[in-house]
Amino acid sequence: MAGRLEPHLEALRRELRAPDPAVLSVLLALLAVAITLLIWRFVQGRRSSRQAVLLLGLCDAGKTLLFARLLTGKYRDTQTSITDSSAVYRVSNDKSANVTLIDLPGHESLRLQFLERFKAAARAIVFVVDSVAFQREVKDVAEFLYQVLVDSTVLKNAPALLIACNKQDVTMAKSAKLIQHQLEKELNTLRVTRSAAPTSLDGSATGGPAQLGKKGKDFDFSQLPMKVEFVECSARGSKGEEGDADFEGLEKWLAKIA
């Protein structure tokens with residue numbers, strides 16, 4: 001009996017040692033699909049773990065009023081924040097879609113330590129600019145934005161970034177287009193200044209933690225790893241405290257990234 005089975009066993013051994021090329025191709029294709037699915041699930045899992053939308057900006061840019069208006073729709077008097085505030089924001093056209101809005105203090109002595117605390121959880125960042133005071137504050141705005149953009153965690157996670165040009169209800173407000181142009185110029189200047197920083201005794205650079213944009217080219221926002229958009233808005237609204245806020249562009253953007 002064993003003698004009669006031996007030729008068949010030998011044939012099976014040969015098949016196992018030298019599989020059919022077609023079978024091998026199918027197995028490799030299935031393996032590639034499995035690896036792709038695992039990578040996709042890993043990336044989606046990391047993204048879904050980041051549910052926060054951070055509201056950043058200088059003091060008096062209007063972050064806290066934007067925060068209150070988005071959540072309640074109502075105007076309220078605000079004061080300079082010294083701690084964070086957070087709440088769940090539900091997208092109006094999809095009750096199942098929501099993000100956690102986190103309003104961070106804009107004071108120079110506090111803003112970076114609060115950014116450090118929440119940056120890893122950020123799915124997106126809304127950087128609020130006072131469009132009326134912008135010409136006077138442009139260097140300070142660019143300095144803070146630069147610190148955000150060269151942060152290693154922000155660069156790695158590449159959260160969506162919206163520059164919200166607030167207070168557009170005021171006649172002297174600068175347009176989003178002008179604000180973008182001026183910020184690109186200031187950020188380019190900062191990049192050149194930081195890259196020219198002196199080196200330490202061991203030859204290592206003591207400037208910024210990362211290079212902003214593309215080397216050898218003037219900076220613009222399209223060079224960043226995250227998508228950057230600009231919108232004009234008004235937390236106060238054109239009809240004053242009794243009217244609605246004007247931030248349709250901001251609401252659409254939040255619905256898109258939720």
Side-chain angles (χ1 to χ4, degrees), residues 42-68 70-71 80-89 91 97-130 137 139-166 179-180 183-184 186-187 190-191 194 205-213 219 221-231 250 253-258:
F42 174 74
V43 172
Q44 288 296 109
R46 289 192 60 188
R47 184 177 184 274
S48 63
S49 69
R50 301 197 305 270
Q51 291 291 331
V53 176
L54 308 185
L55 299 181
L56 307 179
L58 304 188
C59 283
D60 301 321
K63 300 185 303 301
T64 302
L65 182 55
L66 269 177
F67 177 78
L70 284 167
L71 295 172
T80 301
S81 304
I82 58 173
T83 188
D84 61 280
S85 299
S86 64
V88 173
Y89 171 79
V91 176
N98 61 77
V99 292
T100 301
L101 291 180
I102 307 180
D103 175 29
L104 302 185
H107 194 278
E108 187 177 4
S109 64
L110 298 172
R111 58 196 182 209
L112 289 181
Q113 71 183 61
F114 277 90
L115 175 63
E116 184 68 26
R117 184 183 304 176
F118 292 104
K119 63 185 180 182
R123 171 177 292 193
I125 293 172
V126 177
F127 193 96
V128 185
V129 174
D130 183 336
E137 298 178 341
K139 292 186 183 300
D140 292 332
V141 172
E143 175 69 32
F144 183 23
L145 185 56
Y146 179 90
Q147 291 171 319
V148 174
L149 294 177
V150 297
D151 182 273
S152 59
T153 301
V154 174
L155 285 172
K156 179 183 177 183
N157 292 340
L161 174 62
L162 183 75
I163 311 294
C165 305
N166 193 26
I179 288 171
Q180 177 177 350
L183 280 177
E184 286 176 338
E186 288 295 331
L187 288 168
L190 279 170
R191 179 180 66 168
R194 299 298 170 87
T206 58
Q211 173 69 35
L212 188 68
F219 173 79
F221 285 101
S222 67
Q223 298 167 3
L224 296 173
M226 70 283 288
K227 185 173 183 180
V228 183
E229 298 179 58
F230 283 73
V231 297
L250 172 58
W253 184 84
L254 287 169
K256 183 170 60 175
I257 61 94

For residues Thr64 and Asp103, is any side-chain donor paired with an opposing acceptor at under 3.5 Å? yes
Closest approach of [X] and [Y], non-hydrogen atoms and distance?
{"X": "Pro159", "Y": "Ala122", "answer": "CB-O, 3.7 Å"}
{"X": "Lys63", "Y": "Leu55", "answer": "CD-O, 3.6 Å"}
{"X": "Ser86", "Y": "Thr100", "answer": "CB-CG2, 4.2 Å"}
{"X": "Gln147", "Y": "Leu112", "answer": "NE2-CD1, 3.6 Å"}
{"X": "Ile82", "Y": "Pro105", "answer": "C-CG, 3.8 Å"}
{"X": "Ala164", "Y": "Val126", "answer": "CB-CG1, 3.9 Å"}

Quick check: do [X] and [Y] have side-chain heavy atoms less than 4.5 Å from each other?
{"X": "Ile163", "Y": "Leu145", "result": "yes"}
{"X": "Glu143", "Y": "Leu190", "result": "yes"}
{"X": "Glu116", "Y": "Thr153", "result": "no"}
{"X": "Val91", "Y": "Leu254", "result": "no"}
{"X": "Val154", "Y": "Met226", "result": "yes"}
{"X": "Ile102", "Y": "Phe114", "result": "no"}
{"X": "Arg194", "Y": "Val150", "result": "no"}
{"X": "Leu250", "Y": "Leu70", "result": "yes"}

- Message: Pair Leu187, Leu149 - check side chain to side chain contact (heavy atoms under 4.5 Å, CB included), show working.
- Response: CA-CA 10 Å; Leu187 288 168; Leu149 294 177; 4.3 Å; yes
Exercise for the section: Test Leu104 against Phe118 for side chain to side chain contact (heavy atoms under 4.5 Å, CB included), laying out the working first. Expected result: CA-CA 9 Å; Leu104 302 185; Phe118 292 104; 3.5 Å; yes
query: Parallel, tilted or perpendicular for Phe144 and Phe127, by the 30°/60° rule?
result: tilted
Those residues at least two apart in sequence (or on a different chain) that pass side-chain contact (heavy atoms from CB on, under 4.5 Å) with Thr80 are Cys59, Asp60
Could you grab the distance from atom [atom1] of [X] to atom [atom2] of [Y], nearest 0.5 Å is fine?
{"X": "Gln180", "Y": "Phe230", "atom1": "CD", "atom2": "CZ", "value": "4.5 Å"}
{"X": "Lys119", "Y": "Asn157", "atom1": "NZ", "atom2": "CG", "value": "10.0 Å"}
{"X": "His107", "Y": "Gln113", "atom1": "NE2", "atom2": "CD", "value": "11.0 Å"}
{"X": "Trp253", "Y": "Leu161", "atom1": "CH2", "atom2": "CG", "value": "7.0 Å"}
{"X": "Ile125", "Y": "Leu56", "atom1": "CD1", "atom2": "CG", "value": "5.5 Å"}
{"X": "Leu224", "Y": "Leu155", "atom1": "CG", "atom2": "CG", "value": "8.0 Å"}

Taken in chain and number order and not counting sequence neighbours, the residues that satisfy side chain to side chain donor-acceptor pair (under 3.5 Å) with Thr83 are none
Check your understanding: Do the side chain of Asn98 and the main chain of Val88 share a donor and acceptor less than 3.5 angstrom apart?
Key -> no
Counting only heavy atoms not in Gln223, do more than 12 fall under 6.0 Å of its CD? yes
